[in-house]
Number of protein chains: 2
Amino acid sequence: MYPSNFESLIDLFEKLPGVGNKSAQRYAFALLEKDSETIDEIVETIKKVKNIRRCRICGFLSDEDECLFCKDTTRNRSQIMVVAYAQDVVAIEKTGSYKGVYHVLNGLVSSSKGVFPEDINIDSLLKRINEETKEVIIATSPTMDGEMTALYLDKILKDKGVLVTRLAHGLPMGSSLDYADDLTLIKAMDNRRKITDE
Amino acid sequence: MYPSNFESLIDLFEKLPGVGNKSAQRYAFALLEKDSETIDEIVETIKKVKNIRRCRICGFLSDEDECLFCKDTTRNRSQIMVVAYAQDVVAIEKTGSYKGVYHVLNGLVSSSKGVFPEDINIDSLLKRINEETKEVIIATSPTMDGEMTALYLDKILKDKGVLVTRLAHGLPMGSSLDYADDLTLIKAMDNRRKITDE
């Protein structure tokens with residue numbers, strides 16, 4: 001019932017992940033309110049997505065050949081943290097507690113989705129491991145696919161002479177023990193630690 | 001931490017109504033997956049928003065001077081349904097039960113938001129009412145602003161010699177009476193009707 005140009009705009013927004021028809025309409029009406037110059041600015045911003053590349057070394061997003069982490073000579077190159085997605089890098093960086101470099105798999109090995117090791121950024125990880133590399137920290141999410149990917153990486157990295165570690169699983173800080181699911185509780189018990197290390 | 005072109009894209013999405021940072025990131029990553037041609041198509045679709053106008057007569061959206069309802073000679077021009085937004089026209093049309101024409105106020109009189117009658121599309125409503133017009137149906141939402149707008153329109157339309165009606169308020173079909181709020185129940189009791197009209 002809307003004019004075709006407006007229907008096309010709604011269709012466009014509806015293709016975004018998790019956006020239904022009602023939200024798509026709201027977004028389209030929001031754009032309709034913008035003046036001509038703002039539309040031009042929006043269009044320019046979207047066009048520039050073409051300039052965004054994957055870092056040649058680690059696979060994180062970059063405007064250039066290498067990302068800001070790989071270019072940064074103050075980062076500790078002996079530690080490589082392996083994450084599934086670029087978003088995970090940002091989550092880790094926000095903590096301010098990690099000074100090593102990253103490797104973005106851009107996916108996870110998944111039997112249910114039919115994703116094999118060769119489909120994700122694993123080859124480039126193997127290639128960049130050298131005598132400088134001391135530790136590979138596997139920071140995939142503790143989901144089925146994340147665990148499977150971690151096990152696979154552990155297997156192929158073992159004979160590379162590097163320490164392979166995995167982020168700890170356990171009770172999230174500030175949570176209530178009686179709200180934790182069984183698997184998390186079991187992990188938390190299995191991985192229990194001395195309160196003070198000798 | 002993302003490259004600046006990508007941050008700009010996230011900012012863009014965050015300006016859409018009801019979109020937070022997490023969703024904006026998801027949308028930006030979805031765009032990143034698109035190939036160059038798809039980006040060009042998206043850009044063209046957005047540019048065309050500039051061609052969308054308001055119908056000269058009723059204020060509904062249109063690619064041309066007049067919208068499809070105002071151009072349609074089979075619609076009953078003696079009935080004008082007044083709605084707040086273009087979305088409301090689509091909601092009414094979907095019922096398939098209305099054959100008159102529309103008038104889109106493009107807003108509501110609101111004391112809390114400081115919107116006065118001259119700020120919305122009321123002048124053009126008064127101008128289009130002529131001897132052909134028999135009934136003006138006020139179909140604003142039963143909210144504070146919708147009610148205030150309805151009362152205002154009723155007042156100024158009274159001496160125009162047209163019948164001014166308002167959509168009925170009452171229990172929504174299929175709802176449970178004990179879940180209805182007090183105001184709705186009071187309206188439903190006040191507006192009670194004979195089950196069979198004589």
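In what follows, chains carry the letters A, B, and so on, assigned in the order in which the sequence lines appear, proteins first and then strands, with residues in each chain numbered from 1.
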Original post:
Between A:Phe60 and B:Tyr2, what is the ring plane arrangement, given parallel below 30°, perpendicular above 60°, and tilted in between?
Top reply: parallel

Original post:
Contact part of A:Phe29 toward chain B, heavy-atom cut-off under 4.5 Å: side chain, backbone, both or neither?
Top reply: side chain

Subject >> Identified salt bridge (charged side-chain N to carboxylate O under 4.0 Å, His left out) partner of B:Glu66 from the options B:Lys71, B:Arg56, B:Arg128 >> reply: B:Arg56

**OP:** Identify whether the distance between the nearest side-chain nitrogen and carboxylate oxygen of B:Arg166 and B:Asp154 falls below 4.0 Å.
**Re:** no

Subject >> Which portion of A:Glu93 sits near chain B, non-hydrogen atoms under 4.5 angstrom >> reply: both

Original post:
Who among B:Asp35, B:Leu12, B:Asp11 has the most heavy-atom pairs with chain A under 4.5 Å?
Top reply: B:Leu12

Subject >> Toward chain B, the part of A:Ser36 with a non-hydrogen atom under 4.5 Å >> reply: both

Subject >> Heavy-atom pairs under 4.5 Å with chain A, option from B:Val89, B:Val49, B:Leu61 with the top count >> reply: B:Leu61

Subject >> Closest heavy-atom pair and its distance - A:Asn106, A:Ile120 >> reply: O-CG2, 4.2 Å

Subject >> B:Leu9, part contacting chain A, at a heavy-atom distance under 4.5 Å >> reply: both

Original post:
A:Val83 and A:Ala139: which non-hydrogen atoms are nearest, and at how many Å?
Top reply: CG1-CB, 4.0 Å

Original post:
Can you tell me if CG on B:Asp182 sees more than 12 non-hydrogen neighbours from other groups inside 6.0 Å?
Top reply: no

**OP:** Answer with side chain, backbone, both or neither: which region of A:Ile42 has an atom nearer than 4.5 Å to a non-hydrogen atom of chain B?
**Re:** both

Original post:
Can you find a heavy atom in the side chain of B:Val162 that is under 4.5 Å from one in the side chain of B:Lys134?
Top reply: no

Subject >> Residue A:Glu7 versus chain B: region with a heavy atom under 4.5 Å >> reply: neither

Subject >> Proximal component of A:Ser23, with respect to chain B [non-hydrogen, under 4.5 Å] >> reply: neither

Subject >> Under 4.5 Å from any heavy atom of chain A - which part of B:Lys48 >> reply: both

Original post:
Between A:Ile46, A:Asp40, A:Asn5, which residue shows the highest count of heavy-atom pairs closer than 4.5 Å to chain B?
Top reply: A:Asn5

Subject >> B:Glu64 portion near chain A, given a 4.5 angstrom heavy-atom threshold >> reply: neither

**OP:** Check the side chains of B:Thr143 and B:Ser141 for a donor-acceptor pair under 3.5 angstrom, ignoring hydrogens and angles.
**Re:** no

**OP:** Tell me, for A:Leu68 versus chain B, whether the close heavy atoms (under 4.5 Å) come from the side chain, the backbone, both or neither.
**Re:** side chain

Subject >> Contacting region of A:Arg53 [heavy-atom separation from chain B under 4.5 Å] >> reply: neither

Original post:
Counting distance only, does the side-chain N/O of B:Ser8 pair as donor-acceptor with the main-chain N or O of B:Ser4 below 3.5 Å?
Top reply: yes

